[in-house]
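Report on the structure given below.
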Amino acid sequence: MIRIYNTLTQQKEEFQPIQPGKVRMYVCGMTVYDYCHLGHARVLVAFDVITRYLRHRGYDVHYVRNITDIDDKILRRADENGEPFDALTDRMIQAMHEDEQKLGVLAPTEEPRATDYIDEIIAMIRVLIAKDHAYAADNGDVYFSVNSFDGYGKLSKKKLEDLLAGARVDVEQAKKSPADFALWKAAKPGEVSWPSPWGDGRPGWHIECSAMSTRCLGDTFDIHGGGPDLLFPHHENEIAQSECATGHHFVNTWMHAGAIRVNKEKMSKSLGNFFTIREILDKYPPEVVRYFLVSSHYRSQVDYSEDNLAEAGRTLERLYHALRGVVPAKNVPEGEFDRQFHEAMDDDFNTAGSISVLHGAASELNQARRDGHDDRAAELAAVLVRLGAVLGILQQDPEAFFKAGVEGDLSAEQIEAMIQARADARKAKNFAEADRIRDELQEKGIILDDSREGTSWRRG
RNA sequence: GGCGCGGUGGCAGAGUGGUUAUGCAGCGGACUGCAACUCCGUGUACGCCGGUUCGAUUCCGACCCGCGCCUCCA
């Protein structure tokens with residue numbers, strides 16, 4: 001029985017998919033005008049792990065993650081760059097896919113783009129106007145009327161009067177209420193636009209997700225997720241639009257990831273304190289970044305720092321060390337470690353807890369190996385790889401993991417030759433020469449591991 | 001101001017009404033030519049004050065502190 005924290009009810013609930021055995025999930029993806037930063041990575045990885053675990057537990061998961069490829073920021077950036085907006089978005093989408101792949105994020109089942117759903121968006125706006133939940137204003141925009149929806153604020157726990165009290169002064173004159181938001185934005189001269197019953201324009205930010213999610217998954221579906229800053233207004237507005245348009249309850253379980261912080265402040269575009277995935281991958285192996293993200297619960301805030309990434313690297317090395325030199329057994333039945341792992345993950349995807357189970361298995365593996373229980377070691381290695389797969393870690397060949405690292409100036413052949421020279425020196429009891437070789441390698445970032453079977457190496 | 005979340009050992013980070021998180025770092029030992037790696041062992045903890053209870057880090061209340069949303073942001 002899986003329990004999930006639901007933002008809507010503010011408590012953990014037993015997860016009951018609408019259709020037994022099937023999960024329909026929608027996650028708000030990227031607005032593609034810049035490279036992904038660590039905050040995006042957190043959401044990508046969090047929902048990747050959630051998808052992997054649900055599938056691991058036998059669910060058929062239909063995972064939809066959208067791409068916002070038309071919006072103010074995209075137009076502005078394209079304009080600054082002097083390029084067509086779709087050249088910019090195509091480039092950023094490709095970059096996003098590269099980043100995802102490096103982080104081991106599996107592709108969603110569907111990846112709809114806003115500009116491919118203009119017809120559905122217009123159709124939904126028509127319905128909202130027909131039902132008096134929206135109105136076309138004099139300036140060519142179409143707005144959603146928040147007063148027309150009693151449930152407005154139920155997700156973010158905000159009261160409409162509080163929102164109005166805090167409204168900014170520069171409220172768009174055309175709005176009937178300051179809290180109303182745009183469904184359709186009239187095009188300014190020269191802007192890219194699509195024809196509509198209300199004139200040429202483009203969709204507002206929130207409506208695309210309502211149109212795409214209900215089109216791909218139906219009026220009501222199981223899980224809707226996203227980053228912490230989407231809770232309000234984006235998800236609140238999605239609920240309003242969708243429930244008014246379809247007349248049905250929109251989403252059963254709302255899930256929100258925690259923020260990534262830098263020096264106690266949220267990493268965000270507007271603060272400018274963000275690190276792109278690419279910058280971070282220049283310094284740390286992708287799996288280390290993923291391990292760092294998975295090592296804390298998806299809802300908690302996590303601090304980005306060099307120290308934290310370095311520690312994640314050391315910890316991941318420990319797990320790969322356990323796997324090194326062991327051939328995982330085949331067809332190992334589920335056992336105690338699997339049970340503990342599931343227990344942790346069943347509790348709102350407690351990846352931090354599940355990782356401690358992995359460490360327990362690694363310890364036992366090391367002991368089995370030390371005691372010559374090779375069969376047991378091979379079994380545990382299989383368990384480690386199997387459970388690691390759910391978190392998206394430990395899937396590399398251990399030798400590749402240790403030797404990949406950052407490119408040094410020594411080739412594997414040269415390193416092997418130096419190790420052989422050192423072995424000869426040691427045999428001749430010329431320890432000064434042996435240590436000199438070891439030090440030289442260490443200076444170049446190569447660490448030697450001696451064992452009874454011989455010497456292996458890794459990039460430190 | 002409104003709404004919401006959180007304060008755990010040197011650090012990171014789970015969890016629980018009474019019993020070991022886990023990892024990193026440290027310390028002692030085994031292994032080693034010496035180390036590293038690995039293994040074994042090991043110390044340090046639950047913001048503050050009350051309350052409930054046989055017993056609270058865990059439940060309740062107040063307080064202090066930090067953070068997030070309320071404006072584009074994952």
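Order of the sequence lines sets the chain letters (A, B, ...), proteins ahead of strands, with each chain counted from 1. Only this structure's heavy atoms are used, side chains among them; waters, hydrogens and symmetry mates stay out.
Comparing C63(B) with G50(B), their C1' atoms are spaced 10 Å from each other, to the whole Å. The same atom, C1', is picked in C72(B) and in A14(B); the two are 35 Å apart, to the nearest Å. Annotation: G7(B) and U58(B) have their C1' atoms spaced 14 Å apart (nearest Å). Going from the P atom of A35(B) to that of A30(B) covers 11 Å, rounded to whole Å. The separation of G23(B) from U42(B), taken at their P atoms, amounts to 13 Å, rounded to a whole angstrom. Taking the C1' atom of each, G10(B) and U44(B) are spaced 9 Å apart, rounded to whole Å. The gap from the C1' atom of C48(B) to that of U57(B) amounts to 13 Å, rounded to the nearest Å. Between A25(B) and C11(B), the distance separating the two P atoms is 16 Å to the nearest Å.
As rounded to whole Å, 14 Å separates atom P of G68(B) from atom NZ of Lys158(A). Going from atom CD of Glu236(A) over to atom P of G2(B) covers 19 Å, rounded to whole Å. One can place CD of Gln340(A) at 15 Å from P of G15(B), the figure rounded to the nearest angstrom. The distance between atom CD of Gln442(A) and atom P of C37(B), rounded to the nearest whole Å, is 10 Å. As a whole-Å value, the separation of His256(A) NE2 from G4(B) C1' is 12 Å. With rounding to whole Å, Asp303(A) atom CG is found 8 Å from A12(B) atom P. Rounded to a whole Å, the CG atom of Asp346(A) is 16 Å from the C1' atom of A14(B). The CG-P distance, from Leu358(A) to G13(B), rounds to 19 Å in whole Å.
Paired runs in RNA chain B that reach 3 or more consecutive Watson-Crick or G-U pairs, where each pair keeps both distances under 3.5 Å, cover B:1-7 with B:64-70, B:10-12 with B:22-24, B:26-30 with B:38-42, B:49-51 with B:59-61.
Nearer to the 5' terminus of RNA chain B, by closest-nucleotide assignment, is the contact made by Gln10(A) (compared with the other of Gln10(A) and Glu317(A)). Residue whose closest nucleotide on RNA chain B sits further toward the 5' end, between Lys264(A) and Asn308(A): Asn308(A).
Not counting sequence neighbours, His297(A) has no partner by the ring pair (Phe, Tyr, Trp, His ring centres under 6.0 Å) test.
Note: His206(A) and Phe181(A) meet the aromatic proximity criterion, with ring centroids under 6.0 Å apart.
Residue side chain Lys159(A) does not reach the base of C3(B) through any donor-acceptor N/O pair under 3.5 Å, judged by distance alone.
When heavy atoms are screened at a 4.0 angstrom cut-off, Arg369(A) is found touching no nucleic acid atom at all. Using a 4.0 Å heavy-atom cutoff across all strands shown, Lys157(A) reaches sugar-phosphate atoms only and no base atom.
RNA chain B lies under 4.0 Å from no heavy atom of any residue of residues 374-397 of chain A.
Side-chain nitrogen and oxygen atoms of Ser295(A) include none within less than 4.0 Å of the OP1 or OP2 phosphate oxygen of A14(B).
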Protein-nucleic acid N or O pairs under 3.5 Å, nucleotides 72-74 of chain B:
{"unit_1": "C72(B)", "atom_1": "O2'", "unit_2": "Lys73(A)", "atom_2": "NZ", "d": "2.4"}
{"unit_1": "C72(B)", "atom_1": "N4", "unit_2": "Ser270(A)", "atom_2": "OG", "d": "3.0"}
{"unit_1": "C73(B)", "atom_1": "O2", "unit_2": "Ser270(A)", "atom_2": "OG", "d": "3.4"}
{"unit_1": "C73(B)", "atom_1": "N3", "unit_2": "Ser270(A)", "atom_2": "OG", "d": "3.4"}
{"unit_1": "A74(B)", "atom_1": "OP1", "unit_2": "His40(A)", "atom_2": "NE2", "d": "2.9"}
{"unit_1": "A74(B)", "atom_1": "O5'", "unit_2": "His40(A)", "atom_2": "NE2", "d": "2.8"}
{"unit_1": "A74(B)", "atom_1": "O2'", "unit_2": "Gly227(A)", "atom_2": "N", "d": "2.3"}
{"unit_1": "A74(B)", "atom_1": "N7", "unit_2": "His37(A)", "atom_2": "NE2", "d": "3.1"}
{"unit_1": "A74(B)", "atom_1": "N6", "unit_2": "Met267(A)", "atom_2": "O", "d": "2.4"}
{"unit_1": "A74(B)", "atom_1": "N1", "unit_2": "Ile260(A)", "atom_2": "N", "d": "3.2"}
{"unit_1": "A74(B)", "atom_1": "N3", "unit_2": "Gly39(A)", "atom_2": "O", "d": "3.2"}

Protein N or O to nucleotides 56-58 of chain B N or O, pairs below 3.5 Å:
none

- line: In 5'-to-3' order, the base (B), backbone-only (S) or no-contact (-) status of each nucleotide in nucleotides 22-35 of chain B, using a 4.0 angstrom heavy-atom cut-off, is SBSS-------BBB

